[in-house]
2 protein chains.
Amino acid sequence: MDMNEALMALDNPIRRRILVWLKDRSNFPPPLPEHADVDGVCVGYIQEKAGVSQSTISTYMSLLKRAGLVASERHGRFTFYRRNEPAIRTFLDRLGGEIGQGGHSSEDIDE
Amino acid sequence: MDMNEALMALDNPIRRRILVWLKDRSNFPPPLPEHADVDGVCVGYIQEKAGVSQSTISTYMSLLKRAGLVASERHGRFTFYRRNEPAIRTFLDRLGGEIGQGGHSSEDIDE
DNA sequence: TCCATATATCGAGAAATAGCGATTTATAGA
DNA sequence: TCTATAAATCGCTATTTCTCGATATATGGA
């Protein structure tokens, strides 16, 4: 969990919205029957909702994944992305611990 | 409180550290006697601890201030910066509300 | 008024990011 | 094997950010 990468990934309204959308699958079209049990949303659906190009959405999802905020799973030709809840919680906890009120050492901030 | 600006300001280890340093004045040299009662730290001390140029620290503090995360107060030739605790709390609350687990609408995210 | 000092602002070059279309890769199915 | 499709990667230009030194501004004191 690289705080810089996570903050960078989140410094974009569309990428933040994607994280929010992924909370609830009802934000997306129903999955193909064969994927009814897969946990996550395929890139195409996210792209459609975000309204950016295919290459841009792929880059966005890579950034979110590199930051650890989402996880991906490939099923056939489709890549499904889902929130990485423990990582998101860790990120929020660490950010709050660092910059929030209360004692915390700045030594914990990695370059 | 512009979330984008705040996240951008925080996507830099030195700026995050400054916010942490400002929690505790013992991180800085003792104030001039005449400023013993002033709440905040003057730019020069922050610059010295951060180890960046004078113009850079001024820019850093402007970014943090523009994001609302710090407030400033001028006393004579000195500008004192201090944490804006309510704003920091608001920022963390909003970020947690948005991207944290639990129901929240993505409509709340401003472009 | 004149000077010293603290900070802000300006201007610039380097580096990073944004977003796109084109291309490549991987996979399912005919 | 060949084709179609989903997604990733590449290459590009425009924009933004980074960081600095130089300059400007403001203020207190001689």
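Chain A is the first sequence line, chain B the second, and so forth, proteins listed ahead of strands; every chain is numbered from 1.
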Candidates [options] - which lies nearest the side chain of [X]:
X	options	answer
A:Thr79	D:dA8, C:dT7, C:dT17	D:dA8
B:Ser53	C:dA22, C:dG21, D:dC20	D:dC20
B:Arg77	D:dC18, C:dT5, C:dT7	C:dT5

In whole Å, what is the span from the [atom1] atom of [X] to the [atom2] atom of [N]?
X	N	atom1	atom2	value
B:Ile57	D:dC20	CD1	P	10 Å
B:Glu5	D:dT17	CD	P	9 Å
A:Asp11	C:dG19	CG	P	11 Å
A:Glu73	D:dA7	CD	P	14 Å
A:Arg74	D:dA6	CZ	P	12 Å
B:Leu32	D:dT27	CG	P	18 Å
B:Gln47	D:dT19	CD	C1'	13 Å
B:Glu34	C:dT5	CD	P	15 Å

Rounded to the nearest 0.5 Å, the OH atom of B:Tyr45 sits from the CZ atom of B:Phe78 at a distance of 7.5 Å

Output for pair (A:Asn12 CG, A:Ile18 CD1), nearest 0.5 Å, gives 8.0 Å

Nearest heavy-atom contact between A:Gly68 and A:Ala87 is O-CB, 3.2 Å

Of all heavy-atom pairs linking A:Leu7 and B:Leu10, the shortest is CD1-O, 3.3 Å

So [X], base contact, sugar-phosphate only, or nothing? Heavy-atom distance under 4.0 Å.
X	value
A:Tyr45	nothing
A:Met61	nothing
A:Phe80	nothing
A:Ser58	base

Does [N] have its OP1 or OP2 closer than 4.0 Å to a side-chain nitrogen or oxygen of [X]?
X	N	answer
A:Asn12	C:dT17	no
B:Tyr81	C:dA8	yes
B:Arg15	D:dC18	yes
A:Tyr60	C:dG19	yes

Judged by nearest nucleotide, the residue sitting upstream toward the 5' end of DNA chain C, A:Val52 or B:Ser55, is B:Ser55

Whether the side chain of A:Gln54 and the base of D:dA8 hold a donor-acceptor pair under 3.5 Å is what I'd like checked. yes

| request: Check the pair A:Arg83, A:Leu69 against side chain to side chain contact (heavy atoms under 4.5 Å, CB included), reporting the backbone distance first and the verdict last. | output: CA-CA 6 Å; A:Arg83 287 165 55 95; A:Leu69 300 168; over 6 Å; no

For residues 56-77 of chain B, the salt bridge (Lys or Arg N to Asp or Glu O under 4.0 Å) pairs (sequence neighbours left out) are B:Glu5-B:Arg66, B:Glu73-B:Arg82

Closest to the 5' end of DNA chain D, once A:Phe78 and A:Thr56 are matched to their nearest nucleotides, is A:Phe78

